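Worksheet: the structure to be examined is printed underneath.
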Amino acid sequence: MKNALVYSDEWTRFDYGPEHPLRMERLDLTWRLMEAYGLTARPGTTVKAPQPAEEAELLKFHTEEYLNVLKAANTGAASAGVICRYGLGPGDNPVFPGLWDAARLAAGGSLLAARMVASGEATRAFHFAGGLHHAMPDRASGFCYVNDAVLAILHLRARGLRVAYVDIDAHHGDGVQNAFYTDPNVLTISTHERGDRLFPGTGFVEEMGEGAGRGYSVNLPLDVLTDPSIYLPAFDAVVPPLLGAFKPDVVVMQLGIDSHRTDPLTHLALDVQGFARAVARISALAPRVVALGGGGYDIGNVARAWTAAWAVMNEVEISGDLPEGFVDYAQWLRLRMTSLWDPPAVLDDDRRARAQEYVDRQVDAIQHLIFPIHGL
Ligand SMILES: [Zn+2]
């Protein structure tokens, strides 16, 4: 098995600002947990630090005008009148020192992962600083400035590979869906909290692609408080059959863990076990994998979930007890973390019935509208 972990300790020098929920510390914490479990130095595992992507690479998806604005904002200062047209400003997408460098580094990491997988240097590559799925060609959106997931898929497509994109972040993968909305060579599947309850407000079953791409954009929206006992059967009813029919050469996975029940920004109720099971299902069906990170605003969850995901991709079982040295480090950060897994939680019957009924209707709609297009 040839696996690659793409990681840079450069991340710690960037900061979206003290009030912003996206904390760069989560990347360092994830690396430390993987390292404590011995998952960064396994035989057959390559660890590579990315170089910032060249501007020419970003131009394959983004407009020159928008990139010029990002470049000018690298100082951390920018004129409010200009930046608001590009989704930038106080709030979700702040202008911070090194913004352009950070955007290029995220893109560079996902491109490196895609390159290693396309060339055969790695069968599975994980770049957990990537997965910034909301960025649009000409504007920032939802904490995302440059869409590294789209750039990685474009790279794989340019090598003639058939790509499926599976996004399990709590938010709809709108930027990636839009990029390939008319393209039948890229199957995008996103599972997420329903768009009438959560940003970005899209991701309904009816958004199923256009023209030749009709049936190649798939959305499975979920009701608030959807837990693993509801999520996994719905996921199984939709994702494996579609991947089986589409037969991708590579699966690009976006592994946001803001679907977790303690995430402060969303309302789903997954746990690390359920998340890891979904990753295992996708991984088992994928000849090659480019895995990316994504959302996750409870940093302890991020470290646990992405470590569990990397163990799954390596097909190794790791102990549920977190390594001692790591527990001490987490305590020093005032994070209470002892187990990789979450304790069980039970949803009240009424809530559960509502979430179940909602997802059943979505699965049914996908099976009626989209499955026939794939001969299912
Ligand atoms: Zn998200």
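Computed from a predicted structure; not experimentally measured. We count ligands from 1, going down the list as the structure has it; atoms in each ligand are counted the same way.
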Could you go through the side chain to side chain contact (heavy atoms under 4.5 Å, CB included) check for Met136 and Asn147 one step at a time?
CA-CA 7 Å; Met136 297 296 173; Asn147 202 316; over 6 Å; no
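Relative orientation of the His134 and His171 rings is perpendicular, given thresholds of 30° and 60° on the angle between their planes.
The cationic atom of Arg139 (NZ for Lys, CZ for Arg) does not lie both less than 6.0 Å from the six-membered ring centre of Tyr66 and within 45° of the ring axis. Within the cation-pi definition used here (under 6.0 Å to the ring centroid, within 45° of the axis), Arg23 does not qualify as a partner of Tyr297.
The number of protein N, O or S atoms lying under 2.8 Å from the Zn ion (ligand 1) is 3.
Ser110 and His127 are linked by a side-chain donor-acceptor pair at a separation below 3.5 angstrom, with hydrogens and angles left out of the test.
A search for ring pair (Phe, Tyr, Trp, His ring centres under 6.0 Å) contacts involving Phe14 returns Trp11, not counting sequence neighbours.
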